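First comes the structure, then the notes that go with it.
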Amino acid sequence: MSKVVMCLCSHKKAEFPKDEIYVPIIVGSGKEDKELTSLYQTDDKGKNISEKNSNYCELTALYYAWKNLDYDVIGLVHYRRLFLDKNSSKKKIEYAIKKETIEKLLSEYDFILPKKRNYYIESNYSHYIHAHHQEPLDETRKIIEEKYPEYLESFDKHMKKRSGHYFNMFIAKKETADKFLIWMFDILFELEKRVDLSNYSKNEKRVFGFISELLFDVYISANKLKVHDQKYVFLEKQNWCRKIFNFIKRKFVKVEK
């Protein structure tokens, strides 16, 4: 039997799946809540990048788990966004993906990722630069060209596509995850050295968490890995009118960063 660790990133009190494979990891401001930290693991133990949470988002929880926990399979989900189990059509926390489903899928696939997000009228590149500062994404390409030139073609192709796997959610066996995370964090740590965030807004300072979302498909394409797109659930209410309005606004109006 494999040991599955699903890192469940959270910065506040929330309802978490009760299945033992889920390991809530508290990041950021949530670590100030003594009641919360007495119940759950925080991302500032052992080898960690906890102090970078405002820039790396959920990746600080992933980094902690990657470097410190024992597992055969690792995954990353959020307190409000979870993979659904294979036979579930109900968007409830009790229908979060189970160990048996994970093991079966990983016997056939290299990565379990959330179903692709489609932009239709935008490419991955244009969507990013309409929502965020362009410089970090362009600098990411330069880093890949310098350090990992064999990935450059996949990067350029993915930037032109109109869909991708987002949210930094994934599940993979340890060996597969290790290779990807070494590659991804090497790029992000180099990018951190090259980008000045001093004039970025609080939201835009989350840049390395944003960039990492684009790197999954680049890595998978370049290495010709097999991916299973899994259903996921967003557990909080979404204001779709506002989301659609902001999407269209970013397309035609330069948004204040």
Side-chain angles (χ1 to χ4, degrees), residues 2-12 14 16-17 19-28 30 40-50 52-85 93 96-99 101-103 105-106 109-117 164-189 206 208-220 225 227-236:
S2 58
K3 184 173 183 179
V4 178
V5 170
M6 293 293 291
C7 310
L8 202 161
C9 174
S10 184
H11 62 89
K12 65 178 184 178
F16 302 136
D19 192 314
E20 64 180 8
I21 67 171
Y22 290 91
V23 180
I25 301 176
I26 308 304
V27 301
Y40 303 110
Q41 180 61 60
T42 56
D43 68 347
D44 56 353
K45 303 295 189 296
K47 190 167 186 180
N48 69 84
I49 55 170
S50 180
K52 300 178 187 288
N53 180 254
S54 61
N55 307 127
Y56 281 79
C57 311
E58 61 274 355
L59 297 184
T60 62
L62 175 61
Y63 189 90
Y64 162 78
W66 176 40
K67 293 295 186 181
N68 298 285
L69 300 186
D70 177 42
Y71 56 85
D72 301 303
V73 172
I74 189 170
L76 178 66
V77 291
H78 309 251
Y79 71 95
R80 60 180 182 170
R81 191 180 281 116
L82 302 166
F83 287 110
L84 284 171
D85 206 58
I93 197 166
I97 196 168
K98 305 291 192 296
K99 180 179 181 180
T101 302
I102 291 170
E103 290 178 327
L105 288 172
L106 291 182
Y109 299 93
D110 299 300
F111 273 92
I112 301 170
L113 297 179
K115 281 188 173 294
K116 281 188 175 183
R117 199 171 191 179
H165 299 95
Y166 282 83
F167 314 127
N168 284 323
M169 292 169 61
F170 79 97
I171 310 173
K173 291 180 181 178
K174 179 178 175 58
E175 183 179 358
T176 302
D178 280 351
K179 291 177 181 178
F180 168 67
L181 294 176
I182 289 169
W183 178 84
M184 181 185 74
F185 278 110
D186 186 46
I187 291 171
L188 296 179
F189 290 158
R206 300 165 64 199
F208 308 117
F210 298 148
I211 291 290
S212 61
E213 292 184 278
L214 295 167
L215 293 178
F216 276 90
D217 286 303
V218 173
Y219 183 86
I220 286 164
L225 300 178
V227 172
H228 176 77
D229 288 3
Q230 187 72 4
K231 288 183 180 179
Y232 63 91
V233 57
F234 190 84
L235 295 169
E236 295 183 341

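Every value quoted in this text rests on a predicted model; they were computed, and no experiment measured them. In this chain, residues are counted from 1 in sequence order.
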Does any non-hydrogen side-chain atom of F167 lie less than 4.5 Å from one of H78?
yes
Show your reasoning for whether side-chain contact (heavy atoms from CB on, under 4.5 Å) applies to E58 and V27.
CA-CA 8 Å; E58 61 274 355; V27 301; over 6 Å; no
Side-chain contact test, heavy atoms from C-beta onward, threshold under 4.5 Å: evaluate it for L188 versus L59 and give yes or no.
yes
Find the distance between OG1 (T176) and CD1 (I220) and round it off to the nearest 0.5 Å.
10.0 Å
Are K174 and D72 close enough that some pair of their side-chain heavy atoms sits under 4.5 Å apart?
no
So F180 and F216, would you call those rings parallel, tilted or perpendicular, with 30° and 60° as cut-offs?
tilted
Tell me if the centroids of the rings in Y63 and F185 come within less than 6.0 Å of each other.
yes
Would you verify whether the NZ or CZ of K45 falls within 45 degrees of the ring axis of Y64 while also being under 6.0 Å from that six-membered ring's centre?
no
Quick one, I74 and C7 - any side-chain contact, counting heavy atoms below 4.5 Å?
yes
Roughly how far, to the nearest 0.5 Å, is CD of Q230 from CD1 of I97?
4.0 Å
Is the backbone N or O of V227 less than 3.5 Å from a side-chain atom of H165, with the two atoms forming a donor-acceptor pair by type?
no
With a 4.5 Å cut-off on side-chain heavy atoms, are N168 and L62 touching?
no
Working for side-chain contact (heavy atoms from CB on, under 4.5 Å), residues I21 and I102:
CA-CA 11 Å; I21 67 171; I102 291 170; 3.9 Å; yes
Pairwise distance CZ(F83) to CG(L113) - rounded to 0.5 angstrom:
6.5 Å
Answer whether the closest heavy-atom distance between the side chains of Y22 and V5 falls below 4.5 Å.
no
With rounding to the nearest 0.5 angstrom, report the OG1 to CD1 distance, T60 to I25.
8.5 Å
Would you give the length of the straight line joining atom NZ of K52 to atom CZ of F189, rounded to the nearest 0.5 angstrom?
6.5 Å
Full working for side-chain contact (heavy atoms from CB on, under 4.5 Å) between V218 and W183
CA-CA 11 Å; V218 173; W183 178 84; 4.1 Å; yes
Taking atom NZ of K99 and atom OG1 of T101, what is their separation to the nearest 0.5 Å?
12.0 Å
